[in-house]
There are 2 protein chains.
Amino acid sequence: MTKAPPRRAKIQDVAEAAGVAIKTVSRVLNNEPNVREETRQRVLAIVKKLNYHPSLSARSLAGRRSFLIGLIYENPSANYIVDVQHGAMARCREDRFQLLMHQVTGRGEEMERDVLGLVDQTHLDGLIVTAPLSESVDLMRALDRRALPFVRVAPNDVPHQTPYVDMDDAGAAREMTEYLIGLGHRRIGFIIGHPDHFASGQRLLGYKAALAAHGIDYQDRFVRQGYFVFESGMDAAKELLTQPDAPTAIFASNDDMAAGVLMAAHELGINVPERLSVAGFDDTYIAKTVWPRLTTVHQPTYDLAYTATNLLLQMLQTGSAPQSMRLGYRLVCRASTAVVHK
Amino acid sequence: MTKAPPRRAKIQDVAEAAGVAIKTVSRVLNNEPNVREETRQRVLAIVKKLNYHPSLSARSLAGRRSFLIGLIYENPSANYIVDVQHGAMARCREDRFQLLMHQVTGRGEEMERDVLGLVDQTHLDGLIVTAPLSESVDLMRALDRRALPFVRVAPNDVPHQTPYVDMDDAGAAREMTEYLIGLGHRRIGFIIGHPDHFASGQRLLGYKAALAAHGIDYQDRFVRQGYFVFESGMDAAKELLTQPDAPTAIFASNDDMAAGVLMAAHELGINVPERLSVAGFDDTYIAKTVWPRLTTVHQPTYDLAYTATNLLLQMLQTGSAPQSMRLGYRLVCRASTAVVHK
DNA sequence: CATAGCCGTGACAACGTTGTCAATTTGTCT
DNA sequence: AGACAAATTGACAACGTTGTCACGGCTATG
């Protein structure tokens with residue numbers, strides 16, 4: 001015999017116990033003005049006593065908002081997306097919003113259908129869009145059409161007036177490249193990120209700018225296309241390292257690929273950092289777990305997501321105008337880079 | 001001038017366009033019986049034409065279910081939790097349920113309050129509980145009290161009759177240990193997992209069983225407490241490896257700690273696998289990215305989560321009796337283990 | 001001292017679905 | 001054909017909130 005669970009308290013119960021109308025309880029709960037302090041306290045006491053929690057469904061239905069925020073992403077490295085998730089989650093929690101994670105399937109039209117399906121079904125209040133989804137103009141137009149507020153966690157590039165939070169990818173890549181140059185490296189390999197990501201181009205730009213600023217010729221043979229995943233970094237590194245006059249340093253556009261470079265070096269019997277310096281980008285968990293530990297650009301992933309969510313919630317709650325932000329980065333020098341060998 | 005977005009179609013609109021009552025539309029949408037095929041088709045056509053999507057909130061309110069499933073976890077390694085998430089997500093998607101991820105804060109009473117707060121606020125239909133939360137009897141009792149169906153992704157141990165999905169941790173650990181013994185190792189170090197996880201004890205048991213079966217004495221000095229995180233593995237390994245007559249192999253209870261062991265070995269100048277064999281557990285992403293690649297136990301994390309979600313959804317939808325499952329594992333032999341050196 | 005305006009409160013109608021139950025149509029069996 | 005059961009459909013009341021608006025009491029103003 002299972003004992004019937006106690007009926008959940010509803011607003012009615014609270015109202016009766018407090019001797020007020022349900023609307024007053026509602027006011028208290030939503031921090032609306034025009035409630036006497038004494039009344040507010042009385043209601044709050046009862047709420048606590050009855051362990052009352054308003055029904056999200058009822059609130060959504062009546063209030064025409066769902067308290068649900070979506071976070072969509074495509075296929076980023078696990079280490080990266082977890083940081084994003086936690087940043088967004090942390091901010092949501094502060095305002096009692098819930099976060100709905102959604103890994104998008106497909107690309108192009110199919111991706112769009114997937115996202116819109118989510119939006120239509122769940123009545124999301126807002127959306128956090130990560131790269132490279134944030135680069136689909138079609139998607140953004142579709143979201144606009146539904147009047148759905150959203151913030152992008154991505155570099156600003158798309159010709160579209162929406163708020164975003166990003167960092168200076170080009171600047172960071174340039175600084176890292178200059179750091180390598182400062183170590184005496186002249187033949188510096190570069191592994192480009194996934195072509196769908198705007199950031200990939202920015203990082204390449206930074207690399208080129210640093211070379212140019214130091215009078216080093218840009219050479220195609222030192223540059224390879226990667227896809228932000230471990231294997232692509234490994235493959236690219238093998239190509240780079242098996243040519244005559246191979247690079248003495250390789251800068252990969254993210255940590256996963258840099259880890260792949262390390263693996264390639266190990267397999268080729270090339271010591272890092274003695275014979276080869278390796279640098280990554282992102283400063284995710286993997287950077288600290290490979291050997292040698294990766295020199296990399298610290299990207300404030302958690303803060304990026306937190307900030308994006310913050311912007312979104314402000315837009316939703318105070319109706320404030322959309323704004324964008326750029327956060328700082330910093331170089332983290334660990335054991336994978338060293339002065340060039342003679 | 002922003003053009004007002006088109007009003008969302010509601011069930012009423014569909015009903016009128018199809019010339020039926022809203023209840024009939026509802027029947028069609030919920031696959032209820034007793035609708036003439038012709039009517040069903042007519043309704044479906046209109047639904048598609050109007051791009052109608054039922055309101056989750058209204059459905060929840062009226063139908064007393066939310067189509068929302070919670071996935072709660074504490075602080076597991078990023079690589080692990082992402083696999084869990086995707087497994088659960090995939091299954092949810094099949095039945096148009098949404099998944100609400102929730103990282104639990106605090107421990108003991110505070111943890112409980114956190115989870116119950118989530119449950120009370122969102123009216124979840126069900127919950128996926130991962131270790132070590134799944135080991136709190138108090139929490140499970142509290143969930144029962146609220147009559148909330150849940151499935152645990154965790155080894156079955158707790159004296160509590162709820163469905164779970166797990167794998168044979170003890171058997172796997174035993175097999176891995178025997179594999180090391182088979183390579184000729186006799187001094188085998190072991191790093192225990194986080195003490196809050198039941199699986200930690202199981203894996204230790206398997207280690208001990210293998211030793212016993214092969215007439216090898218269990219020695220405390222070869223065993224250290226770890227916490228499932230990289231640093232703890234590194235610290236433990238340093239202790240194990242700096243003693244006289246150090247182990248020739250170390251079996252860590254998860255991959256993160258095994259990666260830590262590799263790091264320690266590198267720092268101590270001990271070659272892996274020539275002078276030291278290292279084995280992990282879980283087969284997460286990290287196992288393939290460290291050097292040398294880790295020999296480990298492949299845990300079907302994705303499937304575990306998928307299966308757990310499947311069980312939960314079946315209970316919810318068909319009201320079927322709770323059942324539990326055990327999934328298989330397999331040893332993955334990579335480059336971090338080798339025949340013992342002379 | 002009258003009057004306008006604000007504050008605090010409550011009554012009641014949404015919000016968009018599903019559950020219940022009754023009404024109608026259709027089919028089956030003598 | 002008549003009687004009864006089953007299949008199909010619809011009317012209407014929930015579900016638990018928030019939005020709207022009205023009302024009384026109090027304060028500031030002329």
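Because only heavy atoms are used, hydrogens play no part in the values below, and waters and symmetry mates are left out as well, while side chains stay in. Numbers restart at 1 for each chain; the letters A, B, ... are given by sequence-line order, proteins then strands.
- Under a 4.0 Å N-O distance rule, the pair E110(B)/R113(B) does not qualify as a salt bridge.
- Checked for salt-bridge contact, D125(B) and R65(B) miss the test: no charged N lies under 4.0 Å from a carboxylate O.
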| note | Per-nt protein contacts along nucleotides 9-18 of chain D (heavy atom under 4.0 Å; B base, S backbone sugar-phosphate only, - none) come out as BBB---BBBB

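- Salt bridge D114(A)/R93(B): present, at least one basic N to carboxylate O contact under 4.0 Å.
- Checked for salt-bridge contact, E135(A) and R152(A) miss the test: no charged N lies under 4.0 Å from a carboxylate O.
- H123(B) and R8(A) form a side-chain donor-acceptor contact under 3.5 Å, judged by distance and modelled atom types alone.
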